[in-house]
Protein chains: 2
Amino acid sequence: MYTNDMNRRRMFAMEKVHKAIEKGNGHTILSTGITGDDARMAKAAVDAGITMLEPNHPAVVLARGYKGITTMDEAEQIRHEITVDQMAEVTHGVRSVVGKDIYITVGIPGGFTEVVPTPLLDEHFIQMARAGADGLHTHKSSLHDLEELVNKAHKYGLCVDAYIGLPTDKHTFGISAETPEEVRKVAKQMEDIGTDMIGMMTGMSYEGIAAGQIPEFLKERVCAMVEAVKVPTLAEGGINMDNFKAFKDTGVNILVIGTAIDGMAGKAIGKACADFLKM
Amino acid sequence: MYTNDMNRRRMFAMEKVHKAIEKGNGHTILSTGITGDDARMAKAAVDAGITMLEPNHPAVVLARGYKGITTMDEAEQIRHEITVDQMAEVTHGVRSVVGKDIYITVGIPGGFTEVVPTPLLDEHFIQMARAGADGLHTHKSSLHDLEELVNKAHKYGLCVDAYIGLPTDKHTFGISAETPEEVRKVAKQMEDIGTDMIGMMTGMSYEGIAAGQIPEFLKERVCAMVEAVKVPTLAEGGINMDNFKAFKDTGVNILVIGTAIDGMAGKAIGKACADFLKM
């Protein structure tokens, strides 16, 4: 491959990310769920000012009613049955509608922590890059796996966002790190192997936490990550209107929001239907 | 084929329609657009009380961002490029999520008034019936074409809803009939050839009409159709919160609503995104 062509491709992509963060004075939103995979709703999000989108395969399980599954928890268990072809089709469609200036990172089978063999071949990276992905949204569970993925992604001009999780997380969505010290160390290692954006999984239970707050230990973890690296940082999971400000105050750059937005779309549709039925 | 098996299949399907109309004291809603093709939003609609859904191929053009198209007008011009396979996948997914008691009628390439050869083969009817469709949502422009379609649909246990339009309509979505007399005659002919539900295209311009009203000539056309036939009747196009009551007062049984609901979903998503970006 012509490595400089693909380095330029990544550079242009990261410019979109930096612009988005600048425009929001240090933070922006990565919009996922229905706004990542339905071109109509992606356009509605972009028209409202969103400049980063994330289609992903578990959300596509739900969008397509695959095997009758209706919860994200079940979707995570069979997401590997969605094909790279399907994710390329989704990405190409969303890209066609939102234009070239929107950053699109895509979750594809093989890019998460897998429970069945899910090979990620060179042709899959090429296919996703050609479908219009700027990057891959990944959830590998070891530095070794992540490094292999990052190298291949970079070869084909794709950026990578990758995540840190807790060893006790219900679904493994990242490389384990428990204390703030461990988080700092792991985040730095992820940056050293070339990860373009580094995130924290934050979707654990918030029991006992006052509205508008996030748990102290979570705040410390996110802050540790933010301080440790120079690349843009993300927080993903459990972010909603109530705790958004608390997340933002950690200094994290990109807040990943999916379920909260899908919930509002579903609620609006439910209300519209109920209103029509009542008339 | 075993004709009685397929007649029973259609009878069970029409029972769902009659139940829906009874439950709403003479009228119900056929929900289309995003509630017809996105399993998440189909479930939101059904949870709110909707019992009739309509996935269709022009809406799938928009859902998939096919060729970057964002308006229904453009989608209508290339809808034949969506495949029966895609519509079967959509139908199967929505059916898997909403369960067997919901009536699903599906728009497929070949079932509308086509501008390029779009063969509708026996295997396509079988495929749609097996994917979970109760019926086909059709827009043929002559009695002859409709009769051929109805016969084949019935052979494979699918009901058919078909429409009457104006010769001056921008897109041809039905058999032409201008005066109330012509509407009565055409509606009766459609019923005689076995059409299971008969509808009126109502999506023309409403210029000069007071809010909450529909034009007098349209009201007369819908009423003429309603009086002429015994099968359930539909109205499709331009129905929204403002004129819903006026449409309902014509006595039509099934009000087809798509764009109005999609608009509210898009608006809710736009507002959610804008609110997050402002926080």
Side-chain angles (χ1 to χ4, degrees), chain A residues 23-24 28-29 31 33-35 37-50 59 61-70 89-90 92-99 239 241 244-245 248 255 257 260-279, chain B residues 23-24 28-29 31 33-35 37-50 59 61-70 89-90 92-99 239 241 244-245 248 255 257 260-279:
Chain A
K23 198 179 150 200
T28 190
I29 289 161
S31 184
I34 200 166
T35 59
D37 58 55
D38 183 290
R40 295 164 293 200
M41 297 303 126
K43 187 164 189 319
V46 165
D47 287 348
I50 294 290
V61 168
L62 298 178
R64 302 287 187 269
Y66 189 65
K67 294 195 171 169
I69 280 173
T70 57
E89 189 210 9
V90 165
H92 181 69
V94 169
R95 173 63 76 199
S96 302
V97 162
V98 301
I239 305 177
M241 287 277 171
F244 184 88
K245 182 84 175 36
K248 195 185 140 184
L255 298 116
I257 306 180
I261 297 175
D262 283 10
M264 284 185 255
K267 213 172 131 184
I269 278 181
K271 190 184 177 310
C273 291
D275 285 350
F276 275 121
L277 286 170
K278 257 185 288 185
M279 280 176 106
Chain B
K23 198 179 148 199
T28 191
I29 289 161
S31 183
I34 199 167
T35 59
D37 60 56
D38 183 290
R40 295 164 293 200
M41 298 303 125
K43 189 167 186 316
V46 165
D47 287 348
I50 293 290
V61 168
L62 298 178
R64 304 285 187 270
Y66 189 65
K67 294 196 172 167
I69 280 174
T70 57
E89 189 210 10
V90 166
H92 182 69
V94 169
R95 172 63 76 198
S96 303
V97 163
V98 301
I239 305 177
M241 287 278 172
F244 184 88
K245 182 83 176 37
K248 195 186 139 183
L255 298 115
I257 306 180
I261 297 175
D262 283 11
M264 286 185 253
K267 212 172 134 185
I269 279 182
K271 189 184 178 309
C273 291
D275 285 350
F276 274 121
L277 287 169
K278 258 186 285 185
M279 279 177 106

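All chains are named by letter (A, B, ...) in the order of the sequence lines, taking the proteins before the strands, and each is independently numbered beginning at 1.
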Using a cut-off of under 4.5 Å on heavy-atom pairs, state which of [options] scores highest against chain B.
options              : value
A/T28, A/V98, A/I257 : A/I257
A/S96, A/G99, A/S31  : A/S96
A/G65, A/A44, A/A274 : A/G65

Rounded at 0.5 Å granularity, tell me how far [atom1] in [X] sits from [atom2] in [Y].
X      : Y      : atom1 : atom2 : value
A/D275 : B/M264 : CG    : CE    : 7.5 Å
B/F276 : A/I261 : CZ    : CD1   : 6.0 Å
A/L277 : B/K23  : CG    : NZ    : 7.5 Å

[X] portion near chain A, given a 4.5 angstrom heavy-atom threshold:
X      : answer
B/I69  : backbone
B/F244 : side chain
B/A59  : both

For chain A, the option from B/A265, B/A268, B/A63, B/G49 that forms the most heavy-atom pairs under 4.5 Å: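 Of the options given, most contacts go to B/A63.
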Max heavy-atom pair count under 4.5 Å with chain A, selected residue of B/K43, B/K245, B/M241: B/M241
pair A/D38-B/M41: side-chain heavy atoms closer than 4.5 Å: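 No, too far: nothing below the 4.5 Å cut-off.
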Heavy-atom side-chain proximity of A/R40 to B/D37 below 4.5 angstrom: yes
Partner residues of B/R64 under the salt bridge (charged side-chain N to carboxylate O under 4.0 Å, His left out) criterion, sequence neighbours left out: none
Partners passing salt bridge (charged side-chain N to carboxylate O under 4.0 Å, His left out) against B/K248 (at least two apart in sequence or in another chain):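 Listed in chain order: nothing, the list is empty.
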Contacting moiety of A/A260, where chain B heavy atoms sit under 4.5 Å: side chain
Atom of B/A39, atom of A/L62 and distance for their closest heavy-atom approach: CB-O, 3.4 Å
